[in-house]
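As structure tokens, the structure follows; a few thoughts come after it.
Side chains are part of it too, since the values below use all heavy atoms of this structure and drop only hydrogens, waters and symmetry mates. If you're wondering where the values come from, they're calculated on a predicted model, not measured in any experiment. Read the numbers this way: they start at 1 and go in the same order the structure lists the ligands and their atoms.
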Amino acid sequence: MSVMTAADHRIPQSVADNLGLPAAYADGRIFETYKWLRANEPLGVAKIEGIDPFWVVTRHEDILEISRQNDLFHNGDRSPTLVSQEADKKVREMMGGSPHLLRTLIHMDAPDHLKYRLLTQAWFMPQNLKRLEDQIRELARAAVRTMAAKGGHCDFVREVALHYPLRVIMSIMGVPEADEPRMLKLTQELFGAADPELARDAGTPVAEREFDMGVIIDFSNYFRAISEDRRAHPTEDLASLIANSRIDGQPISDLEAMSYYIIVATAGHDTTSSSTAGALWALAQNPGELAKVKADPSLIPSLVDESIRWTTPVKTFMRTATEDVTFAGRDLKKGDWLMLCYASGNRDEAVFEAPDEFRVDRKPNKHLAFGYGAHLCLGQHLAKMEMRILWEELLPRLSELSLDGTPAMSESTFVNGPKRLPIRFKMS
Ligand code: HEM
């Protein structure tokens with residue numbers, strides 16, 4: 001690991017501290033921080049107590065460029081998410097020197113990454129997903145029926161948004177409906193480790209919750225049983241595809257199979273429900289935008305893109321420089337850690353007109369909420385399809401919508417979104 005010497009590009013402490021503070025991602029401070037950084041220090045160094053120094057990438061253009069250069073900026077050399085020095089040390093102790101508890105696509109680089117990605121990539125392409133459209137529409141209709149039965153008010157996150165994408169991904173994975181509450185809780189514990197309401201054991205310090213092996217062990221135990229079952233009795237589902245896949249002629253290892261299940265099961269629903277809830281929140285505050293998309297359903301795909309830009313549920317991923325390089329006028333050293341701030345790129349004034357406005361008809365919408373380059377979100381077509389279908393079913397029936405109390409966002413420097421959204425509505 002290099003020692004950063006870029007004193008001239010050091011981010012002022014009060015600004016840098018927000019980047020490592022989960023609460024700043026919940027109360028909107030992070031957007032002010034990003035705005036300041038884009039204008040004053042778009043590629044600066046954050047030094048935060050207890051965390052290794054890292055470069056903070058806030059401009060759209062720079063995020064794309066770093067994401068595209070996968071040989072120069074690796075995912076797996078250090079943790080691909082922001083972690084404290086203490087958590088990093090504990091993980092390396094537990095994992096024999098590796099900085100990773102899991103080995104998912106996110107943790108891999110060439111040549112392994114592509115081999116593992118190709119195992120399921122075709123499955124996630126629109127041609128294959130088309131055959132799921134009717135099944136997903138049924139689940140969307142059930143979600144809309146649930147909402148209609150709430151009698152005009154509900155917490156849209158807990159009672160609607162969380163369940164629909166979960167149902168979709170679990171049915172695709174072949175997880176029985178009865179086990180969904182367990183999957184939801186485990187995912188919330190994984191992504192909500194820093195949130196006092198979502199964490200498994202909110203009494204322990206945040207740094208300790210970051211390497212909560214308990215959650216990963218529970219996930220692995222669950223999926224190990226599914227994996228064994230699908231090896232013995234393969235079906236058409238995604239779990240069977242993963243369980244029976246081979247790399248270089250050998251069956252994939254237990255750690256890698258479990259990691260695959262965990263990333264698909266977790267990345268696949270929290271993000272999608274957050275984007276949907278983020279959009280409903282924005283529509284409740286902007287009745288003109290709701291009226292626009294209700295009057296012209298051909299705007300639904302653009303509403304979906306705007307929802308994802310607006311919420312940007314994956315806030316950050318980290319990369320590590322593989323050699324000394326001058327990038328955007330900064331001298332990066334081999335081993336330097338970089339934080340890609342997707343939500344900043346998605347509010348970059350150089351790319352988006354009025355970036356702080358929610359516009360259902362925004363065109364073009366070159367958001368980078370799904371990342372870019374070799375790791376571009378594998379589930380992006382599924383996420384967009386699910387959201388489109390839900391809006392197609394919900395919007396024609398929704399005649400009035402307003403907030404009914406104070407919504408709240410979850411606290412996390414990694415993946416976050418609305419955790420509470422009380423609404424009042426009328427449905428036909
Ligand atoms: C709105 C919903 C979603 C958002 C915002 C989102 C965002 C992201 C982001 C930012 C990345 C990293 C990209 C990069 O490093 O360049 C990613 C990767 C990934 N996503 Fe998603 N995602 C969403 C939905 C899904 C769904 C529905 C699935 C699967 C069912 C999924 C599975 C994955 C996987 C497997 C990867 C790792 C890909 C790789 O490293 O090659 N995501 N996603």
Do the side chains of [X] and [Y] get close enough for a salt bridge, i.e. N-O under 4.0 angstrom?
X: Lys333; Y: Glu323; result: no
X: Glu357; Y: Arg362; result: no
X: Glu349; Y: Arg59; result: no
X: Glu289; Y: Lys292; result: yes
X: Asp27; Y: Arg29; result: yes
X: Lys130; Y: Glu133; result: no

| query | Does Gly373 have a heavy atom less than 4.0 Å from any atom of ligand 1? | reply |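 In this structure, Gly373 fails to qualify as a contact of ligand 1 - no heavy atom is under 4.0 Å.
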| request: Decide whether the shortest distance between a heavy atom of Met108 and an atom of ligand 1 is less than 4.0 Å. | output: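 No; Met108 lies far enough from ligand 1 that no heavy-atom distance drops under 4.0 Å.
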Applying a 4.0 Å heavy-atom criterion (strictly less than), which segment of [X] is in contact with ligand 1: side chain, backbone, both, or neither?
X: Thr104; answer: neither
X: Leu382; answer: side chain
X: Tyr372; answer: backbone

| query | Hey, which of Asp88, Asp52, Thr320 is the one that makes side chain to side chain donor-acceptor pair (under 3.5 Å) with Arg78? | reply |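 Running side chain to side chain donor-acceptor pair (under 3.5 Å) over Asp88, Asp52, Thr320 with Arg78 returns exactly one hit, Asp52.
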For [atom], closest protein heavy-atom neighbour:
atom: atom 12 (C) of ligand 1; value: Phe317 CE1, 3.5 Å
atom: atom 15 (O) of ligand 1; value: Arg319 NH2, 2.9 Å
atom: atom 10 (C) of ligand 1; value: Ala369 O, 3.2 Å
atom: atom 1 (C) of ligand 1; value: Ser275 OG, 3.4 Å
atom: atom 13 (C) of ligand 1; value: His375 O, 3.1 Å
atom: atom 30 (C) of ligand 1; value: Ile169 CD1, 3.2 Å

| With Leu382, which of Val264, Asn128, Ile136 fulfils side-chain contact (heavy atoms from CB on, under 4.5 Å)? |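 Output: one option passes, namely Ile136.
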| task | Please check if the distance between the ring centroids of His269 and His163 is under 6.0 Å. | result |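 Centroid separation for His269 and His163: 6.0 Å or greater.
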| query | What about the rings of Phe414 and Tyr25, do their centers lie closer together than 6.0 Å? | reply |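 So the answer is no for these two rings.
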| request: Step through the shown structure and confirm whether more than 12 heavy atoms of other residues, nucleotides or ligands are within 6.0 Å of CD on Glu61. | output: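 12 or below, so no.
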| task | For atom CZ of Phe124, decide whether the heavy atoms of other residues, nucleotides or ligands shown that lie under 6.0 angstrom number more than 12. | result |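 Yes - once you tally the heavy atoms of other residues, nucleotides and ligands closer than 6.0 Å, there are more than 12.
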Would you mind listing which atoms of ligand 1 come within a distance below 4.0 Å of any non-hydrogen atom of [X]?
X: Arg117; value: 38 (C), 39 (C), 41 (O)
X: Pro313; value: 5 (C)
X: His113; value: 39 (C), 40 (O), 41 (O)
X: Ile106; value: 37 (C), 40 (O)

| task | State the count of protein N/O/S atoms located less than 2.8 Å away from atom 21 (Fe) of ligand 1. | result |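 Near atom 21 (Fe) of ligand 1, the number of protein N, O or S atoms below 2.8 Å is 1.
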| task | Using the ring-ring contact (aromatic ring centres under 6.0 Å, His included) rule, take His60 and Phe352 through it: C-alpha gap first, then chi angles, then the decisive distance, then the call. | result | CA-CA 10 Å; His60 190 279; Phe352 299 98; 5.8 Å; yes
| said: With nothing but distance in play, are any N or O atoms of Ser67 less than 3.5 Å from an N or O of ligand 1? | reply: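 Min N/O separation from ligand 1 is not below 3.5 Å for Ser67.
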| query | Is there a donor-acceptor contact under 3.5 Å linking the side chains of Glu256 and Ser253? | reply |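 Yes - a donor-acceptor pair under 3.5 Å links their side chains.
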